[in-house]
Each structure stands twice: as C-alpha cells, then as structure tokens.
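Notes follow once the structure below has been shown.
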Number of protein chains: 2
Amino acid sequence: MSIRDIKFNIDPNSKTPLWLQIKNELFDCLEKEVLKPGQLMPNEKTLVELFNVSIGTVRKAIGVLENEGILIRKQGLGTFVCQHDDHSFLFKYFHIVHHDSDERHIPEVECVSFELKDASDKEIDVLNIPKENNKVISIYNKLAFQGKVHSADKIVISAAKFPLLNEEIFINRHNTVYNLYQNKFNVFIAKCSERVRAIPAPVNVAKMLGIKANSPILKISRVGFTYHDEAVELRTSYVNTSEIEYIRQQYSTVG
Amino acid sequence: MSIRDIKFNIDPNSKTPLWLQIKNELFDCLEKEVLKPGQLMPNEKTLVELFNVSIGTVRKAIGVLENEGILIRKQGLGTFVCQHDDHSFLFKYFHIVHHDSDERHIPEVECVSFELKDASDKEIDVLNIPKENNKVISIYNKLAFQGKVHSADKIVISAAKFPLLNEEIFINRHNTVYNLYQNKFNVFIAKCSERVRAIPAPVNVAKMLGIKANSPILKISRVGFTYHDEAVELRTSYVNTSEIEYIRQQYSTVG
DNA sequence: AAGTGGTCTAGACCACCAT
DNA sequence: TGGTGGTCTAGACCACTTA
C-alpha cells in the first residue's frame, strides 16, 4: 500500500485547520506502516495533489512534523521519515559522558539476561498490559566504555507489543534497541521522561558494576512514549558516576 | 528608544535569508534593551513596514523566535517578549518533584551566604571573567518543601555582569533568580547544560541538608547560557533525593 | 466594532543534490 | 540538467481578544 493510492478526506469547512488535518493523516500513515522509517516521502507537489490544498499548507504540516522529529527535509533530495540510528540516538537519548570531556560515545552493551515473565501491578498499569497477554519481557544489560562497566540497565516491555521478540533477535540486532523497536515492531519512541535519584548501590547491582555495596550511584527511571503518549518501555539504569557523568542540555522552550 | 524609530537595513540581495536577517535584528533589539521582557511587540503590519518585506517573511522570523522561547504570540492580543516568571520557571528550569507525584512546586529559598570574592581559574575560564574586574559573586541557598530542606545550591556569577547586585537586592527580589537576572541586569538565561553525579555527601553539605555525612546525594553542575551561548551562571546543587526526585522530559527533536 | 494573530492561496524564483 | 526543498510575495478571509 503506497501513500499515493490513499484517498484522503481533507475537509476545508472543518474547524480543524487544513495543515493539522494533513499532519494527522500523515501520522496515521506512520502508524499503519504506509510510511516507514527512512522512507522517502512523495514530493511537495504530489502532496499538494493528494491533499488538494496549496503548497504553503502542505509545507506547514511537514514543518510541524519536522519540528517534532518525525520527518526530516533535505534540500535537493526530498523529505524522509526519521529513524533512530546511531548518530541521532547518541544526541537524543544518550546522556553519558566522561569527566572532563563532552564527547559522547556509543557504549559497549552486553546482555546479561532476557526473560519472559508475568507483569507486576505497576507494569500492568504503566505499560497498559492487556489481560489476555499479561507477560512482559525483562532484560538486563551491562553498559561499558572501553571495557569498563559504568551502568546496569533493566528494560521492561510488553510482550504483546513486541511479538516474537526473543533473546537471539535482541542480541543480534545491528543497531540500537530503539532502532530495533522501530524497524521490527513499528514502535517509535518519540519522547521520554526520567526521574533521577542518588541511592546506595544494592548488593546485586554493585556486583554488576564492580563496586562496593552502598557506594553512591544514580538510579534513573525512564519511561519511553510513542507519538501518542503511550508508554511502551520502562528502563531503570543504575549508573556508577565515579568516572562518567549524566548530562542534559535544554533550551528555554522545552519543558 | 522605541523599535519603531530604528532604521533597519535588510538586504534583499544578501545570501542570508530575509527572515534570518529580521530574526537577528530583533535579537539585537533584545540585547540593546530596545525590546524588554514582557513588552508588546509592534503588530505584524507595522513590522512589515519597518523591515519592508511581506507579511509571510515577518511571520517566519517571529515563528522561529517563538520556537526558541524568546517571543510568544497571543491571537487577538499581540506578540510579546517572553519573560521568566514563576509559572514558566516551574516548567522550564525546575526539575524537582515529590515521589509518587508529578506536581511541581516553587521551593522555599533561604539565602545562607552572599560573598564577593576572587574568581578561581576555572570560573575565569568558564564565565569569561574580565581581568580588570576578576570578582565573582558566590551565593549559597537552601531549598525546601514544606520546611523540609532538600537541596543546597551554590551560585557563582561574574560581578562585572551584575553590577551593583548586593545581598539586599538578591534577598528582596519578588520573583525567581532568573527573573532578577533578566529584569535588573538584562541577562536572559536561554539554555543550560547540566551534569549529574551521585556522590557521598560532604560534611558541610550534609549539615545543611540535615542528613548523615556520606549519604548518597546528587551533585548537579549547571551552566546557564544566554542567547549567544555566553556562560553567565555556574550553579552547583546538592540534592537529597530520599523524598524527592530530579526529573527530565524530552522530545526526540531535542538534543 | 476594531485590532490582533492564524490560516490559506497561487504562484515566482533560488539553492541544493544527483546524474 | 531535472528534480527537490527553501524563500518570498501580495494579498484574502477567519478566529480570537478587548472594549
């Protein structure tokens, strides 16, 4: 199914602005996998014909989707559906740097365990786990720089949303975890919220990090959301900041 | 000096887009205090005449400044210069919440000390302290919720950039620190970067926070920047997260 | 009712990228 | 060279706010 074959219904008399109607239609195409990450969009002239509006209106809709990080325009080339890759991932979701340096590096990731288990009450609630398949996939990873482990990550996702995901697929992915979600399961993590605390390292975590129990570490609890604010991933990171730091940058516009 | 009296030189033959030239000119007005926080901008028709371009071009320039959080448009009212106030501050720069709650509250702030001192080498470097006035203002604050202290903040700013700032003015401000910077000294903090670590509480900090020495706490090192990426504030927060958490939210667009 | 920003049109021309 | 997005124009009409 190509986007060119779809009959769109844009209503010029609706109280919803045309550009918003178009944005929503393109959005639906992403959800229905008519548009896929990395794909080239039809050019603006074609979209003008598909939606039967003027080019400025199409550009407004695309501009908003670009600002939201969903599409990317490349002059002379075309407009593409964004995808998580190593580079963008590095700057969007990866917030660990060495002391005395601003360089970000892809960490070495080692999967420690991969389990299918019953969802806890909290997981059922936050991840909206269906009753007919109340399983979650629970994964532990160790992250390292130059062989030196700095973080232990626990990832929890709904088995229902990631059908057929198994340890082999997870370990043999050729890219980031978010890229895997996106390309194999059409789950695009568009935003996330994090809560950070300083805690004494529990014994099992201290062992994974190779530090003494009760050493101060960061506990970062992240919830990853789709475009539609649907929570799809719970990630808990335990970070030893004795040699690395957790960073954030922001503009005054962002909440 | 009103913006209406300025003779702007917009060059239609420049390789710089008109909208960018206009954006830069408006920017300069902010720096030169021709436009001040909270002020109403001239309407779009007037700007069209001032810059001698079409309305779409003016709107593009304003739109970008709005996205950057510098201007805000209100339909039926006009376009205003943004200012830090309690509400926006709460959502832009304030990242502390109670456990089990997403509510953000303005903390109670108590100034512990206010000193004028020689800048350290690091402060000279980062804050670009001038040789002819190598003093910095160093302030310690305690932050609390409902009387319960959760953070100790150290603020370091250049004395040269905040002339005549003294303890009385600082303590008797009627708004946030950032609002004070902006309204009294024309310093607008437009973005900031933070580095977070978990450390054992030093004795003096533990005393301020009312906890045992060596308890795990967050150390948050923030650098505040102006529009032009000029570092103007160093802030170090020591946070006891036993009852509160540090949060962040972000969209995939933001780095 | 008057004034503001918000939406939308129907083009023109330019800058960039691939071949 | 042909195709793409980027910039810009000169309006028209709508929705919202205040008075």
Kindly say whether A:Glu31 contributes a backbone atom to a donor-acceptor pair with the side chain of A:Asn186 at under 3.5 angstrom? yes
Output, in order, the C-alpha distance, side-chain angles, deciding distance and verdict of side-chain contact (heavy atoms from CB on, under 4.5 Å) for A:Thr57 and A:Phe51. CA-CA 10 Å; A:Thr57 305; A:Phe51 292 113; over 6 Å; no
Identify each donor-acceptor pair in which a side-chain atom of residues 38-45 of chain B lies under 3.5 Å from a protein atom, sequence neighbours left out, and give them as a table.
from	atom 1	to	atom 2	distance (Å)
B:Gln39	OE1	B:Lys36	N	3.0
B:Asn43	OD1	B:Lys45	N	3.1
B:Asn43	OD1	B:Thr46	N	2.8
B:Asn43	OD1	B:Thr46	OG1	2.9
B:Glu44	OE1	B:Arg59	NH1	3.4
B:Glu44	OE2	B:Arg59	NH1	2.6
B:Lys45	NZ	B:Glu49	OE2	3.4

Nearest whole Å is fine: how far is D:dC8 C1' from B:Lys15 NZ? 20 Å
How close or far is atom P of D:dC8 from atom NZ of A:Lys60, stated in whole angstroms? 17 Å
Determine the contact category for B:Lys74: base if any of its heavy atoms lies under 4.0 Å from a base atom, sugar-phosphate if only primed atoms, P, OP1 or OP2 are that close, otherwise nothing. sugar-phosphate
How many whole angstroms separate atom CD of A:Glu66 from atom C1' of D:dT4? 14 Å
Short question: side chain of A:Ser151, backbone of A:Asp153 - any donor-acceptor pair under 3.5 Å? no
Between B:Phe51 (CZ) and D:dC8 (P), how many Å, whole number? 13 Å
Nucleic acid contacts of residues 35-47 of chain B, taken as heavy-atom distances under 4.0 Å to DNA chain D: none
Using only atom types and a distance under 3.5 Å, with no angle test, would you say the side chain of A:Glu66 pairs donor to acceptor with the backbone of A:Arg73? yes
Within 6.0 angstrom of B:Asn52 CG, more than 12 heavy atoms from elsewhere: no
For nucleotides 9-19 of chain C, give me one character per nucleotide, 5' to 3': B if any protein heavy atom sits under 4.0 Å from the base, S if the only such contacts are to the sugar-phosphate, - if neither. B-B---BBSS-
May I ask you to evaluate whether B:Arg73 reaches the phosphate of C:dG6, defined as a side-chain N or O under 4.0 Å from OP1 or OP2? yes
Would you check if A:Ile10 and A:Ile22 make a side-chain contact, meaning some heavy-atom pair closer than 4.5 Å? yes
Integer-rounded Å distance: D:dT4 C1' and A:Arg59 CZ: 10 Å
Hey, is the main chain of B:Asn179 close enough, under 3.5 Å, to the side chain of B:Gln83 for a donor-acceptor pair? no
